[in-house]
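Following: one structure in structure tokens, then a few remarks.
Keep in mind that what you see is a predicted model, and the values were worked out from it rather than measured.
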Amino acid sequence: MSRIPGRNFLFVPGPTNIPDRVQRAMVVAMEDHRSSKFPELSTSVLEDLKKVYRTGDGRVFIFPSSGTGAWEAALTNTLSPGDRLLAARLGHFSHLWIDMAERLGFEVEALEVDWGEGMPLGRVEEVLRADTARGIRGILACHNETSTGVTNDIGSLRAVMDACNHPAMLFVDAVSSLGSIDFRMDEWGVDLAVSGSQKGLMLPAGLGILAASQKALHSMQSATSRRCYFDLADMIAANATGYFPYTPALPMLYGLRESLDLIFEEGLDLIFGRHHYLAQGVRAAITEGWGLALCAREPACYSDTVSAVMVPGGIDAAHVIDVAFRRYNLALGSGLSKVAGRLFRIGHMGDLNELMLMGAIAGTEMAMLDVGVGVRPGSGVAAASDYWRSNDRVPKRRTGRAQQYYSGHSTGTVSG
Ligand SMILES: *Cc1c(COP(=O)(O)O)cnc(C)c1O
């Protein structure tokens, strides 16, 4: 295929768009990662990631891997073969983590859930109450199930565990929520929180990031699962002096330093607010504009980082995605495994604003029309525009102020 001019519109839910500042920060000459200067970089990013996780006494680990590596690190460092886990299979990513746990030799009780629904807290509670022998060692929860666009309420899950007085460790996949959707490691009593670099942290894929509570770190002493590359003990020993047990991904660490600076400049709470506001506009386009359904069933679990859109019967969602890509240079996320062909996904995570999303909404609408989805031209854009124009998050941008500004600086007459 010949080159399509202009920017590729990247709206898959990871990798996300990389801010120019982050991209520039990664163009560095290689350095000696055992120099006396290197620890400045490594300790600063490890400390600052704790703020993003909102943990005080937890510890953060960075592996040169993708998020999947951090899933493995979380399991093998804290569990022994045969240990029992409880999980809910509510989408592709929760399924993959369950599958990994089984392949690593743990016994997983997986609650089957219709894709589009959230964590079944009532069923979790029943299982925990029935576990009088306290044999369940951990609960696996996916904070934001990227395949269905469902966000689970981890604070309520913690409340259920506490109400049952159950000592299981809480393992949370925060890959597509950390840095985009409110995440509170300490407040929610999360023991292991997995993330990666290419979603809310606005970097390329290549870092597996893990945060562990003191309870999780303590469990390493009795956990007999085989581990080597992902052994947290080696990492703790090397990190103590600011180094890594093996060669770190240096440009990624410089990029991470810059992305953390960007995150703190905007402020975590404002970032979460921006994601919600942008997501609301996208949802207005999908449901009000196009009259299509989200895969997520309940508004309470709508994800602020990704929307999974069900296509009407007789339409192949993969066709929409392919036309969007080939004809309009727009990358949308596909339906994974069980929902392949039935939905496409619009990522709204990371370095984004209204007009970038308008491009994605307009392109999606055009691709849908091209393959025969009966949406009204312009309807998605109009619905998003209505939402964003009437819910401006930043008062100083209101038109009243702008008119004042322009009239104050003009020659005194309003020119046509
Ligand atoms: C992207 C993603 C992963 C997988 O991460 P990789 O970096 O691709 O290994 C895991 N869980 C969720 C929820 C994700 O969105």
Side-chain angles (χ1 to χ4, degrees), residues 50 53-61 63 67-89 93-94 96-111 119 121 123-143 152-175 177-178 183-195 208-227 230-233 235-236:
K50 287 169 65 174
Y53 273 106
R54 292 195 153 146
T55 183
D57 64 356
R59 196 183 236 284
V60 174
F61 299 89
F63 294 100
T68 301
W71 268 352
E72 182 162 332
L75 297 170
T76 57
N77 280 280
T78 57
L79 300 167
S80 302
D83 273 356
R84 285 173 58 204
L85 296 168
L86 174 64
R89 196 185 331 257
F93 292 100
S94 43
L96 287 180
W97 205 9
I98 291 167
D99 180 59
M100 169 187 273
E102 288 173 339
R103 286 158 66 178
L104 288 168
F106 310 115
E107 239 181 78
V108 189
E109 179 170 347
L111 305 174
M119 192 109 183
L121 293 181
R123 285 161 69 196
V124 169
E125 179 164 4
E126 275 170 35
V127 175
L128 291 182
R129 287 209 190 278
D131 181 34
T132 48
R134 300 297 187 236
I136 295 170
R137 294 272 297 134
I139 298 184
L140 305 186
C142 191
H143 185 207
N152 289 291
D153 182 349
I154 303 300
S156 294
L157 173 59
R158 165 50 67 192
V160 164
M161 294 170 70
D162 287 350
C164 301
N165 203 14
H166 201 290
M169 283 181 285
L170 177 53
F171 293 71
V172 177
D173 175 339
V175 180
S177 58
L178 190 75
F183 185 83
R184 306 176 188 196
M185 173 140 175
D186 286 1
E187 192 182 318
W188 298 341
V190 175
D191 292 300
L192 292 132
V194 171
S195 196
I209 299 171
L210 175 67
S213 70
Q214 287 300 320
K215 178 176 165 180
L217 294 171
H218 192 72
S219 73
M220 286 166 54
Q221 289 158 17
S222 55
T224 61
S225 294
R226 290 286 181 96
R227 50 191 185 263
F230 288 114
D231 197 328
L232 299 187
M235 208 40 120
I236 289 171

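- In this structure, CZ on Arg137 lies 11.5 Å from CG on Asp131, to the nearest 0.5 angstrom.
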Given Phe183 and Trp188, is the ring pair (Phe, Tyr, Trp, His ring centres under 6.0 Å) satisfied, shown in steps?
CA-CA 9 Å; Phe183 185 83; Trp188 298 341; 5.6 Å; yes
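- Heavy atoms only, all atoms of each residue included: Ala73 and Phe63 are closest at CB-CE1, 3.8 Å.
- Looking only at side-chain heavy atoms (C-beta outward), Val175 and Phe93 stay at 4.5 Å or farther from each other.
- The nearest pair of heavy atoms linking Gly189 to Arg158 is O-NH2, 2.7 Å.
- For Ser80 (side chain) and Thr224 (main-chain N/O), a donor-acceptor pair under 3.5 Å exists by modelled atom type.
- With hydrogens and angles disregarded, no donor-acceptor distance shorter than 3.5 Å links the side chain of Asp83 to the backbone of Phe106.
- Shortest non-hydrogen contact noted between Gly67 and Val194 is O-CG1, 3.7 Å.
- In this structure a side-chain-to-backbone donor-acceptor pair under 3.5 Å is present from Asp153 to Gly155.
- To the nearest 0.5 Å, atoms CG (Leu128) and NE2 (His166) are separated by 5.0 Å.
- In this structure the side chain of Asp57 reaches within 4.5 angstrom of the side chain of Asp186, judged on heavy atoms.
- Within the 4.5 Å cutoff, the side chain of Met119 has heavy atoms near those of the Ile139 side chain.
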Report the C-alpha separation of Ile98 and Glu102 in whole Å, then their side-chain angles, then the decisive distance to 0.1 Å, and conclude whether the side-chain contact (heavy atoms from CB on, under 4.5 Å) test is met.
CA-CA 6 Å; Ile98 291 167; Glu102 288 173 339; 4.0 Å; yes
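- Distance check: Ser177 OG to Ile154 CD1 gives 8.0 Å after rounding to the nearest 0.5 Å.
- A distance-only check finds no donor-acceptor pair linking the side chain of Arg84 to the backbone of Gly135 [under 3.5 Å].
- In this structure, Glu187 and Arg54 have side chains that are not in contact, with every pair of non-hydrogen atoms separated by 4.5 Å or more.
- Between Trp71 and Trp97, the ring planes lie parallel to each other; the angle is under 30°, not in the 30° to 60° tilted range.
- Here the side chains of Asn152 and Leu121 are not in contact, with every heavy-atom distance at 4.5 Å or above.
- The shortest side-chain heavy-atom distance between Leu217 and Ile236 falls under the 4.5 Å cut-off.
- In this structure, SG on Cys142 lies 13.0 Å from CZ on Arg89, to the nearest 0.5 angstrom.
- The backbone N or O of Gly56 sits less than 3.5 Å from a side-chain atom of Lys50, completing a donor-acceptor pair.
- One distance of note links CE of Met100 with CG of Leu140; it measures 10.5 Å at 0.5 Å rounding.
- Within 6.0 Å of CG in Asp162 there are more than 12 heavy atoms belonging to other residues, nucleotides or ligands.
- Nearest heavy atoms, Ala168 versus Met161: O-CE, 3.3 Å.
- Listed here is the closest heavy atom pair of Leu104 and Thr76: CD1-CG2, 4.0 Å.
- What you find for Ala70 and Ile209 is that their closest heavy atoms are CB-O, 3.5 Å.
- Counting only distance, with no hydrogens or angles, the side chain of Asn77 and the backbone of Ala223 share no donor-acceptor pair below 3.5 Å.
- Between the Tyr53 side chain and the Val60 main chain, no donor and acceptor come within less than 3.5 Å of each other.
- Two residues are said to be in side-chain contact when any heavy atoms from C-beta on lie closer than 4.5 Å; Met185 and Val172 fail this criterion.
- To the nearest 0.5 angstrom, Thr78 atom OG1 is 8.5 Å from Arg227 atom CZ.
- The backbone N or O of Leu170 sits less than 3.5 Å from a side-chain atom of Asp191, completing a donor-acceptor pair.
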